[in-house]
A.B. asks: 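Structure provided below as structure tokens; questions to follow.
Below, each value reflects all heavy atoms present in this structure, side chains not excepted, and no hydrogens, waters or symmetry copies.
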Amino acid sequence: TPPSTYTQGIAKQKFMLFNEVLEFEMSAEDNYGIRSAGVEWTGEFTIPSAGTPSAGDITLLRGDPYMTNGNKPILIDFQKRGIKPQKLVIRTWVEDYNPATLRVFSEPIEVFVLSESEHASYVQELMNDTIAKLEDAMRTEQQNLDENKRIEKDLKDPKKAAEAKDKLPEQQNKELDNNEEIKKLAKELKETFKEAAKNKSIETKTLKEMADAMKSMQEMADKDIPEIAGDLDQAQDKKNSEEKTKEDLKKAIEKQEKLLDKMKETAEKAEKAKETLEAGTFVNRLK
């Protein structure tokens with residue numbers, strides 16, 4: 001059978017600064033014996049640029065007729081290889097000892113090598129995505145709050161109280177689901193912050209604003225929403241008196257109202273960071 005090769009430790013599409021080093025791993029397999037394996041790349045300018053796009057081919061592994069599999073780390077230093085900002089299509093390759101078999105390639109990986117201004121725009125897009133998702137989470141939380149207020153009202157009506165209390169487990173689950181979304185957002189924002197910190201053209205002020213938004217989001221995920229879910233859990237305890245159920249639900253509602261204020265403040269912080277970043281990107285483009 002023909003040999004095979006694939007990549008590990010890298011996504012199918014990646015965005016990186018021009019001064020970074022791309023790292024991933026290649027694997028190669030063959031039942032006939034691996035003769036050699038390596039990596040190749042071809043470039044394509046995404047904007048009009050002087051010179052020619054980059055192209056390269058590196059042999060990483062020299063095998064033998066008894067080698068059926070092999071792994072090798074791959075490091076591509078863009079600056080050392082003279083790779084300017086452009087789109088790279090990267091594939092690993094493998095050859096075996098069967099003279100009738102042609103070189104076999106892995107699935108391609110797209111790597112966008114970015115200038116500082118392009119990278120800042122990329123970070124800006126990530127921020128836009130985070131803010132949009134946070135606004136979705138805010139809308140969900142508002143819906144949860146509105147429903148909890150309806151339940152609170154129905155608990156005061158003896159005819160509706162039992163049915164209203166039966167809705168509390170569902171409300172708790174909705175709260176926990178929204179917390180999962182906030183956790184994901186906090187993680188995404190952390191990764192965006194790390195990405196922004198690589199870029200020297202992004203001001204310290206912008207990084208601080210991003211860090212403030214990230215801290216608020218983490219607090220919501222670790223403390224604020226779990227407390228609301230905890231109050232909703234206590235409110236549905238069958239041992240509760242009617243008054244205790246109402247009291248626990250009231251606590252949850254008060255905390256939700258504070259949470260929504262915090263979400264709004266966090267969204268404003270993130271928006272401010274995005275605007276500062278946008279202004280800096282515009283200045284850099286002019287330069």
Side-chain angles (χ1 to χ4, degrees), residues 9-18 20 22 46 85 87 110-146 173-229 255-285:
I10 187 170
K12 294 297 181 186
Q13 190 178 75
K14 195 170 177 64
F15 296 82
M16 300 180 71
L17 264 170
F18 70 96
E20 289 189 82
L22 178 65
T46 54
K87 171 188 168 184
E110 288 185 340
V111 177
F112 290 84
V113 184
L114 307 174
S115 66
E116 285 186 340
S117 62
E118 288 171 336
H119 184 262
S121 296
Y122 168 61
V123 172
Q124 189 179 319
E125 287 176 19
L126 295 177
M127 288 294 293
N128 276 334
D129 186 51
T130 299
I131 291 167
K133 289 177 182 175
L134 179 56
E135 287 171 349
D136 286 341
M138 285 170 64
R139 281 189 284 271
T140 299
E141 195 62 37
Q142 184 65 59
Q143 290 167 4
N144 292 346
L145 174 60
D146 293 342
N173 288 334
K174 285 180 181 178
E175 203 64 35
L176 292 172
D177 288 343
N178 207 29
N179 195 36
E180 287 303 310
E181 289 304 310
I182 294 294
K183 281 181 182 177
K184 288 178 188 175
L185 282 180
K187 187 177 179 182
E188 283 180 18
L189 191 54
K190 187 177 181 180
E191 291 303 313
T192 302
F193 176 81
K194 286 181 182 177
E195 196 66 41
K198 297 175 188 175
N199 193 329
K200 292 179 182 178
S201 74
I202 296 177
E203 296 179 7
T204 306
K205 180 185 176 184
T206 305
L207 294 175
K208 186 181 182 304
E209 288 165 348
M210 288 176 68
D212 287 344
M214 184 173 64
K215 183 183 176 184
S216 295
M217 216 173 283
Q218 200 63 57
E219 284 175 1
M220 287 188 275
D222 294 343
K223 181 178 178 290
D224 300 335
I225 301 182
E227 283 186 5
I228 294 166
K255 288 175 182 176
Q256 274 185 299
E257 288 172 339
K258 289 179 181 177
L259 173 65
L260 278 164
D261 288 339
K262 193 170 186 176
M263 281 181 158
K264 186 178 178 182
E265 288 172 9
T266 304
E268 286 171 355
K269 287 176 183 176
E271 185 67 37
K272 192 175 179 182
K274 190 202 80 173
E275 287 173 0
T276 309
L277 178 62
E278 190 174 10
T281 304
F282 178 70
V283 171
N284 285 335
R285 282 178 177 170

A.B. asks: Begin from the C-alpha positions of Phe15 and Glu195 and carry the test side chain to side chain contact (heavy atoms under 4.5 Å, CB included) through to its verdict.
C.D. replies: CA-CA 10 Å; Phe15 296 82; Glu195 196 66 41; 6.0 Å; no
A.B. asks: Drop me the distance from Met217's CE to Glu219's CD, to the nearest 0.5 angstrom.
C.D. replies: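 The CD atom of Glu219 is 11.5 Å from CE of Met217, to the nearest 0.5 Å.
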A.B. asks: Looking only at side-chain N and O atoms, does Gln142 offer a donor or acceptor that is under 3.5 Å from a partner on Asp146?
C.D. replies: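 The criterion, which ignores hydrogens and geometry beyond distance, is satisfied for Gln142 and Asp146.
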A.B. asks: What closest approach, in Å, do Ala229 and Leu176 show between heavy atoms, and which atom pair accounts for it?
C.D. replies: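 Result for this residue pair: CB-CD2, 3.7 Å.
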A.B. asks: Drop me the distance from Leu114's CG to Tyr122's OH, to the nearest 0.5 angstrom.
C.D. replies: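 Nearest 0.5 Å value for the CG-OH distance: 8.0 Å.
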A.B. asks: Answer whether the closest heavy-atom distance between the side chains of Glu188 and Asp129 falls below 4.5 Å.
C.D. replies: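 In short, these two side chains touch, coming nearer than 4.5 Å.
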A.B. asks: Does the distance from a Lys or Arg side-chain N to an Asp or Glu carboxylate O, for Arg139 and Asp136, drop under 4.0 Å?
C.D. replies: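 Looking at Arg139 and Asp136, the cut-off is met.
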A.B. asks: Hey, are the side chains of Lys269 and Ser216 touching, using non-hydrogen atoms and a 4.5 Å cut-off?
C.D. replies: yes
A.B. asks: Does the side chain of Gln124 reach to within under 4.5 Å of the side chain of Lys274, using non-hydrogen atoms?
C.D. replies: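 Counting from C-beta outward, Gln124 and Lys274 do come under 4.5 Å.
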A.B. asks: So, Glu209 and Thr276: side-chain donor and acceptor under 3.5 Å apart, yes or no?
C.D. replies: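 Side-chain D/A pair, Glu209 to Thr276: present.
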A.B. asks: Is the backbone of Lys255 close enough, under 3.5 Å, to the side chain of Asp224 for a donor and an acceptor to pair up by distance?
C.D. replies: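 Here the side-chain-to-backbone pair does not exist.
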A.B. asks: Let me confirm one number: the OG-CG distance from Ser121 to Leu126, rounded to the nearest 0.5 Å.
C.D. replies: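 Nearest 0.5 Å value for the OG-CG distance: 11.0 Å.
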A.B. asks: Do Ile182 and Leu134 come close enough that some side-chain heavy atom pair is under 4.5 Å?
C.D. replies: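 Of all side-chain heavy-atom pairs linking Leu134 with Ile182, at least one is under 4.5 Å.
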A.B. asks: Could you tell me whether the side chain of Met220 reaches within less than 4.5 Å of the side chain of Leu185, counting heavy atoms only?
C.D. replies: no
A.B. asks: Between Gln143 and Lys174, is any pair of side-chain heavy atoms under 4.5 Å apart?
C.D. replies: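 No, every pair of side-chain atoms sits at 4.5 Å or beyond.
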A.B. asks: What are the two closest non-hydrogen atoms of Ser201 and Glu116, and how far apart are they?
C.D. replies: CB-OE1, 3.7 Å
A.B. asks: Regarding Lys184 and Glu181, does a basic nitrogen lie under 4.0 Å from an acidic carboxylate oxygen?
C.D. replies: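 Yes, Lys184 and Glu181 are salt-bridged.
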A.B. asks: Begin from the C-alpha positions of Lys198 and Met16 and carry the test side chain to side chain contact (heavy atoms under 4.5 Å, CB included) through to its verdict.
C.D. replies: CA-CA 10 Å; Lys198 297 175 188 175; Met16 300 180 71; over 6 Å; no
A.B. asks: Is the closest side-chain heavy-atom distance between Gln218 and Lys190 below 4.5 Å?
C.D. replies: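 Answer no - side chains too far apart.
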A.B. asks: Which atom pair, heavy atoms only, marks the closest approach of Asn199 to Ala120?
C.D. replies: ND2-N, 3.5 Å
A.B. asks: Starting from the C-alpha separation in whole Å, work towards a yes-or-no answer on salt bridge (Lys or Arg N to Asp or Glu O under 4.0 Å) for Lys183 and Glu180.
C.D. replies: CA-CA 5 Å; Lys183 281 181 182 177; Glu180 287 303 310; 3.6 Å; yes
A.B. asks: Can you measure from CG (Leu22) to CD1 (Ile10) and round to the nearest 0.5 angstrom?
C.D. replies: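 Rounded to the nearest 0.5 Å, the CG-CD1 separation comes out at 4.5 Å.
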A.B. asks: Taking only Lys NZ, Arg NE, NH1 and NH2, and the carboxylate oxygens of Asp or Glu, determine whether Glu191 and Lys194 approach each other closer than 4.0 Å.
C.D. replies: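 Yes, charged N to carboxylate O under 4.0 Å.
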A.B. asks: Test side chain to side chain contact (heavy atoms under 4.5 Å, CB included) on Glu175 and Leu259; report intermediate values, then the result.
C.D. replies: CA-CA 12 Å; Glu175 203 64 35; Leu259 173 65; 4.3 Å; yes
A.B. asks: If you measure from NZ on Lys258 to CG on Asp261, what distance do you get to the nearest 0.5 Å?
C.D. replies: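 The NZ atom of Lys258 sits 10.0 Å away from the CG atom of Asp261.
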A.B. asks: Check whether any side-chain heavy atom of Ile228 sits under 4.5 Å from a side-chain heavy atom of Asn179, and report yes or no.
C.D. replies: no
A.B. asks: Between Leu189 and Met127, does the side chain to side chain contact (heavy atoms under 4.5 Å, CB included) criterion hold? Intermediate values first, please.
C.D. replies: CA-CA 8 Å; Leu189 191 54; Met127 288 294 293; 3.7 Å; yes
A.B. asks: When rounded to the nearest 0.5 angstrom, what distance separates CZ in Phe193 from NZ in Lys208?
C.D. replies: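 The distance works out to 11.0 Å.
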